[in-house]
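Letters A, B, ... are given to chains in the order of the sequence lines, protein chains preceding strands, and every chain is numbered from 1.
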Amino acid sequence: MADVRNGIATRAGAIILAPVGWLANVFDAPLRMLQRRTGSNGMAVFFLAPNMLVFGIFVLFPLVINILYSMTGGGALFLGDRTFVGADQYGRLFSCGSYLDPKSCTEDLFWIAVWNTLAFVVLQVAMMVAVALVTALVLNRELRARSFWRAVFFFPVLLSPVVVGLIWRWILQRQGLLNLMVFEAGGTPVNWLVERNWAFAATIMVSVWAHVGFYALILLAGLQAIPKDLYEAAEMDGTRPMRVFWRITLPLLAPNLLVVLVLTLIRAVQIFDEVYVLTGGGPGTSTLFLTQYIYEVGFASMLRNPGLASAASILMGAVLVVLTLIQLSIARRNEQRGKMR
Amino acid sequence: MRMNSIILGLSAGLLSSTAFAGDVRVMWYSDGVEGEVIQDLLNRFMKDNPDINVILDNVAYKVVQEQLPVELEAGRGPDIARVTNIKELADHWLDLTPVVADPAYWQTNFGDQFDWMRPDGSKIIPGFMTQITLTGGFVNKTLFEQAGVPIPADTATWDEWVDAAGKVQQSQQLNAAFAIDRSGHRISAANISYGANYIGADRLPAPIDAGTKAFAEKLVNWVADGRMNKEIWVSASGTTYRAGADDFINGQIAYYYSGSWQVANLASKIGKNFDWVATGSPCGTAACTGMPGGAALVAVKYTKNAAEVGKVMDFLGREDIMREFTERTLFLPAHKGVFAGKIDYKTDDENVKASLEAFLKASGKIAPNAAALPAWKWGTPVYGALVTRISQVMAGELKLDEAFVRIDEDIKAQVAEASK
């Protein structure tokens with residue numbers, strides 16, 4: 001029976017792959033000729049060129065344009081019509097009595113956004129990694145209906161950030177679901193989205209809720225890649241569960257944790273959509289983050305200032321580049337350490 | 001044969017996406033039913049003018065606000081557009097003088113608002129206002145009656161209105177007494193009622209004055225004492241717009257300050273739940289004014305079909321067509337002849353009829369400082385700075401004096417940037 005199934009699968013595979021083989025034959029001769037002319041390096045360039053072209057058009061070119069915009073001023077929209085102002089926009093962003101006191105800065109809203117983003121990154125990343133880890137550990141156990149629970153945690157990841165923002169706005173607003181429950185339980189309803197600390201906490205909680213499934217999945221994959229015999233050996237040695245976690249699970253999960261940490265960090269710095277829908281940056285400016293500041297300055301206000309918005313986005317991009325380089329450096333060091341072992 | 005098929009295929013593709021000579025493309029956004037009304041009117045036009053194909057692109061308001069300016073800067077865009085940021089984009093409008101049948105008719109009936117739409121000093125005919133809007137208050141009559149509080153008179157001040165709404169709040173145990181939309185345009189009506197003037201002698205923004213400061217202080221105090229709904233202004237940052245209509249519709253506030261464009265929205269959502277009516281604008285120490293504004297239908301100067309655009313605009317600007325548009329959409333008319341004549345709004349809702357009457361009456365009390373603002377190009381940065389900074393005061397992030405300094409700095413910076 002198994003032989004029959006294998007035979008069918010082989011035949012089906014051959015039918016599906018037949019066009020690929022045919023295409024390979026068609027391109028074989030010209031590619032060989034190209035290789036003879038350009039050598040192996042030339043072939044590498046040939047195969048990388050389409051990707052580099054797309055990267056150039058959609059990443060490098062806009063980046064260069066953005067840098068140029070950041071050195072211009074004026075009300076015109078098109079680069080050619082704008083006035084060159086050099087580093088004035090950066091000067092405006094950095095014009096401060098004290099960077100710790102946004103009120104002393106010319107662009108006070110920029111620095112409010114910077115400090116808010118920093119606080120958000122620290123708290124949200126810590127919470128995201130912790131919750132993702134706990135979720136992955138739980139989902140890795142022999143649970144009843146494990147696939148169902150995995151789907152439940154992953155489902156919010158599939159939702160549009162706008163939907164996430166709206167759902168939670170309806171829950172957290174003054175007459176929302178949460179206050180109804182608080183009221184029914186005999187408590188005093190709280191204006192969750194109007195009180196500064198609660199609103200800030202809500203942005204963290206909602207972003208964790210929306211994305212934790214994705215990061216938990218990465219960690220779950222890491223957990224499942226840990227050889228079972230290590231746990232069996234630890235069990236035979238009578239090692240306590242916490243010690244197993246610290247000595248086996250965590251070290252072997254470190255590469256995945258690092259990926260989660262860096263991805264969470266980058267995403268936290270870029271936070272915008274769900275928070276914009278949920279709080280609009282309020283109350284006051286307590287949940288005004290960098291991306292919203294850039295959006296408002298560059299697009300939302302009627303008198304747009306693309307120069308200032310571009311300068312702020314370049315600074316934010318620089319922070320992200322630094323974070324990515326740190327991640328690459330740590331990843332490389334871990335890799336080398338692994339090889340030495 | 002194969003080549004012919006390819007050409008045919010390509011042609012079919014192009015046909016579906018490209019406007020022909022003779023096509024007139026209209027970019028339109030809707031707040032209520034006006035999209036359906038205008039389509040109906042345009043269908044009638046096309047029946048009488050089979051050689052002109054008018055394509056109505058119904059888009060979201062955000063598209064008009066954020067994408068249309070980019071298209072116009074690139075020298076493209078629709079042939080006709082319905083816009084509210086009329087003055088800021090004034091350089092892109094077509095002069096209809098050579099393409100409309102009777103420029104004098106346009107001048108007579110729409111001329112009062114031409115300066116709202118064209119660059120300073122220009123004499124072009126850029127289009128017409130599809131409707132005039134006017135800011136004003138709405139009162140929940142049922143809540144006032146239940147509380148036994150008399151509705152303030154036409155000449156009542158902001159303080160008297162808030163006091164009366166506050167009594168209703170206490171009696172009916174409401175979360176707040178009243179709300180004002182989170183918009184610099186809305187509070188400007190009140191600022192001007194307290195004597196504010198935004199326009200300096202050089203036509204640039206003047207430093208904010210005692211009138212603006214007086215009302216801003218009141219507003220902050222009303223939030224602090226719980227009479228004004230804190231959520232509307234405090235729960236967002238920057239220039240984000242928030243309307244208080246939902247709280248009024250749900251019967252959670254006794255008084256709501258917004259504008260005439262809300263009439264159709266309130267009518268459809270409140271239905272028979274309670275009685276309500278528009279009340280014009282409360283008084284300050286200097287006036288009892290609302291802020292005029294509205295949406296305009298303008299022709300874009302990059303059109304390749306100016307003659308056809310002229311015919312469409314002539315049709316839509318006709319007195320009988322404007323009257324029908326006004327009556328079906330429940331808007332305030334911009335057409336002088338329609339305004340002067342009898343308007344038979346197509347609704348059975350007495351609240352709506354009374355409200356529109358109130359707005360028509362209030363439109364005769366617009367203060368000169370308010371009337372000047374739609375034709376002034378720096379209104380937007382002033383409105384934006386007011387909202388951003390006053391909200392910060394309400395949230396406890398700034399003191400009022402600090403906010404006033406910031407408002408002036410913000411406006412100055414934006415003017416300097418735009419003037420580079």
Partner chain B: residue of A:L193, A:D81, A:L109 with the largest heavy-atom pair count (under 4.5 Å): A:L109
Check: A:Y295 ring centre within less than 6.0 Å of A:Y276 ring centre: yes
Region of B:D246 that comes under 4.5 Å of a non-hydrogen atom in chain A: neither
Scored by heavy-atom pairs under 4.5 Å with chain A, the best of B:A74, B:A395, B:A236 is B:A236
Heavy-atom cut-off 4.5 Å, strictly under: side chain, backbone, both or neither for B:R389 against chain A? side chain
Need one label for A:P102: side chain, backbone, both or neither, based on atoms under 4.5 Å from any heavy atom in chain B. backbone
Between B:S419 and chain A, with a heavy-atom cut-off of 4.5 Å, which part of the residue counts as in contact: side chain, backbone, both or neither? neither
Exercise: do A:Q89 and A:R92 side chains pair donor with acceptor under 3.5 Å: no
Taking atom types as modelled, is there a side-chain donor on B:S188 or B:Y383 under 3.5 Å from an acceptor on the other? no
When every non-hydrogen atom of A:V182 is compared with those of A:T188, the smallest separation belongs to CG1-O, 3.6 Å
Donor on one side chain, acceptor on other, B:N140 and B:Y256, under 3.5 Å: no
Is B:A416 close to chain A through its backbone or its side chain, or both, or neither, when contacts mean heavy atoms under 4.5 Å? neither
For the ring pair A:W115 and A:Y99, is the centre-to-centre distance below 6.0 Å? no
Any carboxylate oxygen within less than 4.0 angstrom of a Lys/Arg side-chain nitrogen, looking at B:D401 and B:K399? no
Please state whether the side chain, the backbone, both or neither of A:T83 comes within less than 4.5 Å of a heavy atom of chain B. side chain
Honestly, the part of B:N229 sitting under 4.5 Å from a heavy atom of chain A is side chain
Identify which of A:I112, A:D108, A:V85, A:V194 forms the greatest number of heavy-atom pairs closer than 4.5 Å to chain B. A:D108
Which one wins on heavy-atom pair count under 4.5 Å against chain A: B:E231, B:Q392, B:E402? B:E231
Taking side chain as everything from C-beta outward and backbone as N, CA, C, O, which of these in B:Q252 sits under 4.5 Å from a heavy atom of chain A? Side chain, backbone, both or neither. side chain
Where on A:T106 is there a heavy atom nearer than 4.5 Å to chain B: the side chain, the backbone, both, or neither? backbone
Heavy-atom cut-off 4.5 Å, strictly under: side chain, backbone, both or neither for B:V70 against chain A? both
Report yes or no: do A:T285 and B:E397 form a side-chain donor-acceptor pair below 3.5 Å? yes
If you measure only the distance, is there a donor-acceptor pair under 3.5 Å linking the side chains of A:E296 and A:Q292? yes
